There are 2 protein chains.
Amino acid sequence: MTTRKSWQSIHDELRRRIVDGIWQPGDLIPAEEQLAAEFQCARATVNRALRGLADSGLLNRRRRVGSRVATEPSRYATLKIDIIRLEVEQRGAKYRHALTERAQVLAPERVQYRMNLNDDTELLYICNLHMADDRPIIYEERWLNPVVLHGIFDVDFSAISVNEWLVRNVMFTRGDISFCATNLTEREAQLFAADLGEAAFVIERTTWQDEQCITSVRLLHEPGFSMRTELI
Amino acid sequence: MTTRKSWQSIHDELRRRIVDGIWQPGDLIPAEEQLAAEFQCARATVNRALRGLADSGLLNRRRRVGSRVATEPSRYATLKIDIIRLEVEQRGAKYRHALTERAQVLAPERVQYRMNLNDDTELLYICNLHMADDRPIIYEERWLNPVVLHGIFDVDFSAISVNEWLVRNVMFTRGDISFCATNLTEREAQLFAADLGEAAFVIERTTWQDEQCITSVRLLHEPGFSMRTELI
DNA sequence: ATTATAATTATGTATAGACATAACAAATGT
DNA sequence: ACATTTGTTATGTCTATACATAATTATAAT
């Protein structure tokens, strides 16, 4: 009967050795077999620990070669994409949204390109103002593809937000997201009761089901907004 | 002899059933034992597949209860934090950086708070302008804690960038990052040869070794910059 | 009726042993 | 000298079995 070691404790110990510099960046660490012998456990348990370290970018692993401490440990920031309503309610504010625009139109060329569409597909164009305690926080501008979203033109988006309807009704297989900064236009400034030209944070998100684009959205945040997360 | 199934193929098949709506959000899916029987494989293999689906937020798993399709599948955007030089070189541009400021000073209160420091610790304050093909792309403003970074005052940061020196010499145990937009000040606008008040994308990053703050940095990006990533 | 205790059950993780696979090294044939 | 084949090795994954753990349900004690 051998001592029972959890893969977590091995993970943590190996991580410590890397962080404390016992194993320097670039070093080849002992093979799974040897570590298993050291920790008195099965190789599979060491494997589980090493895989965790590789996932978080601390190790590079290659068959036949071994596990090497990453020379340039890549760090990742993981952002959780929530439904706006939940985000607002989680910080104890009252959520409300107002539909400001709704039209069946051809998308501008820039959007057609982003969504990989023909120039003859009419999209549902919807704009929404999201509010926390009646203060506008996000202006949402969205194009929806009726080819994928059957019956989308019949949905009453004053009752349920588009975001929420989508999350509940379709599942995307892939997506991309980009962040940038922009100067508020005259019209946008009015929405936020802000000044013309103020800097605002923008998220653009496009989601797909296999090769077909579902929707593309631009989320214009109120001036002063800051998005925070932990590094891993 | 049973058929050999990889956990990946099971993962993909189960994922398909969720995406295609065969298993609806909120549904309890068959137990590992049953799935193992269906796929003619060991329970451990099904477990590996289900763990993958849970990691990507598609399933909620609870002991004794089972695995449930997430009602509000949370999506994550993962951003890779690279060394700026590598980022520039990866897109085929020539990297250069210029040290614009270096001082041993008390940090402003706002920064002291962010770094959780006493108000009597003198920090190394360093500013750098990062360039791609001699065009300024990022203005880096950084405070370094000499309590953690012994001998930091003696390093020649015109030869190696602070970023790179840090990555190679200290490893952080945790960190936080935040994104926002700001209007360029007169001085900042000059750096980028841009107009006063133009919107710029800002990343603020603070890293720690256990309870001690290592460094806090503000990366001011050139106007028009956009950061993109895949959703997972 | 309420509370404490035990049984049950699905997931979580451990084990040893096996084979699969990728990458490198050595041996071989031309 | 070169390309091709063969062997070796560390990781990747699978199997079967076992025990651990958390959550729920059933049972017993008060």
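Here is how names work: the chains are called A, B, and so on, in the same order as the sequence lines, proteins then strands, and each is numbered from 1. Treat the numbers as computed from the prediction; the structure is a model and nothing was measured.
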**Near-strand residues of residues 23-36 of chain B, defined as heavy-atom separation under 4.0 angstrom from DNA chain C** = B:A31, B:E32

**Prompt:** Going by heavy atoms closer than 4.0 Å, what residues in residues 11-18 of chain A are next to DNA chain C?
**Reply:** none

**Asked** Side chain of A:E33, backbone of A:R43: donor and acceptor closer than 3.5 Å?
**Response** no

**Message:** Which nucleotide wins on minimum distance to the side chain of A:W7, given the candidates D:dG12, C:dA14, C:dT11?
**Reply:** C:dA14

**Fill in**
Against the side chain of B:R43, the closest entry in C:dT13, D:dG12, D:dA22 is C:dT13

Check the distance between [N]'s [atom2] and [X]'s [atom1] and give it to me in whole angstrom.
X	N	atom1	atom2	answer
B:R51	C:dG12	CZ	C1'	9 Å
A:R48	C:dT15	CZ	P	14 Å
B:L59	C:dG12	CG	P	10 Å
B:Q8	D:dT13	CD	P	7 Å

Does a side-chain N or O of [X] approach OP1 or OP2 of [N] to a distance below 4.0 Å, or not?
X	N	answer
A:S67	D:dA10	no
B:T45	D:dT13	no
A:R61	D:dG12	yes
B:N47	C:dG12	yes

**Request:** Not counting sequence neighbours, list each pair that qualifies as a side chain to side chain donor-acceptor pair (under 3.5 Å) and has a residue in residues 83-93 of chain B.
**Result:** B:R85-B:E89, B:R85-B:E164

**Request:** Show your working on side-chain contact (heavy atoms from CB on, under 4.5 Å) between B:N163 and B:N128 and close with a plain yes or no.
**Result:** CA-CA 10 Å; B:N163 194 343; B:N128 255 302; over 6 Å; no

Contacts table for residues 129-136 of chain A: side-chain donor-acceptor under 3.5 angstrom, sequence neighbours left out:
| from | atom 1 | to | atom 2 | distance (Å) |
| --- | --- | --- | --- | --- |
| A:H130 | ND1 | A:Y95 | OH | 2.6 |
| A:H130 | NE2 | A:E140 | OE1 | 2.4 |
| A:D133 | OD1 | A:K94 | N | 2.7 |
| A:D134 | OD1 | A:R96 | NE | 2.7 |
| A:D134 | OD1 | A:R96 | NH2 | 3.4 |
| A:R135 | NH1 | A:E222 | OE1 | 2.4 |
| A:R135 | NH1 | A:E222 | OE2 | 3.3 |

**Request:** Using heavy atoms to find the nearest nucleotide of DNA chain D for A:V65 and A:A44 separately, return the residue whose nucleotide is more 5′.
**Result:** A:V65

**Request:** Quick one: which residue pairs count as a salt bridge (charged side-chain N to carboxylate O under 4.0 Å, His left out) with a foot in residues 44-69 of chain B, not counting sequence neighbours?
**Result:** B:E32-B:R61

**Asked** Tell me the salt bridge (charged side-chain N to carboxylate O under 4.0 Å, His left out) pairs involving residues 7-23 of chain B, sequence neighbours left out?
**Response** B:E13-B:R16, B:E13-B:R17, B:R16-B:D20, B:R17-B:E38

**Complete:** Result for 5'-nearest mapping on DNA chain C, choosing between A:R63 and A:A42, is A:A42

Report, one line per pair, each donor and acceptor closer than 3.5 Å where one atom sits in a side chain of residues 144-154 of chain B; sequence neighbours left out.
| from | atom 1 | to | atom 2 | distance (Å) |
| --- | --- | --- | --- | --- |
| B:N145 | OD1 | B:V147 | N | 3.1 |
| B:N145 | ND2 | B:C213 | O | 2.9 |

**Request:** Under the ring pair (Phe, Tyr, Trp, His ring centres under 6.0 Å) rule, collect the residues that match up with A:Y139, sequence neighbours excluded.
**Result:** none

**Message:** Once ring pair (Phe, Tyr, Trp, His ring centres under 6.0 Å) is applied, do any residues pair with A:F172, and if so which ones, sequence neighbours excluded?
**Reply:** none

**Asked** Among B:V46, B:L53, B:L58, B:L50, which one satisfies side-chain contact (heavy atoms from CB on, under 4.5 Å) with B:H11?
**Response** B:L53

**Request:** Return the set of residues passing side-chain hydrogen bond (donor to acceptor under 3.5 Å, both in side chains) with B:S158 (not counting sequence neighbours), or none when no residue passes.
**Result:** B:D156

**Prompt:** Residues two or more places apart in sequence or in another chain: which of them pass salt bridge (charged side-chain N to carboxylate O under 4.0 Å, His left out) with A:D82?
**Reply:** A:K80

**Prompt:** When all nucleic acid strands are considered with a 4.0 Å heavy-atom cut-off, which category describes A:R62: base, sugar-phosphate, or nothing?
**Reply:** sugar-phosphate

Report each atom pair, protein N/O against N/O of nucleotides 3-8 of chain D, whose distance is under 3.5 angstrom.
| from | atom 1 | to | atom 2 | distance (Å) |
| --- | --- | --- | --- | --- |
| D:dT8 | O2 | A:R64 | NH1 | 3.4 |

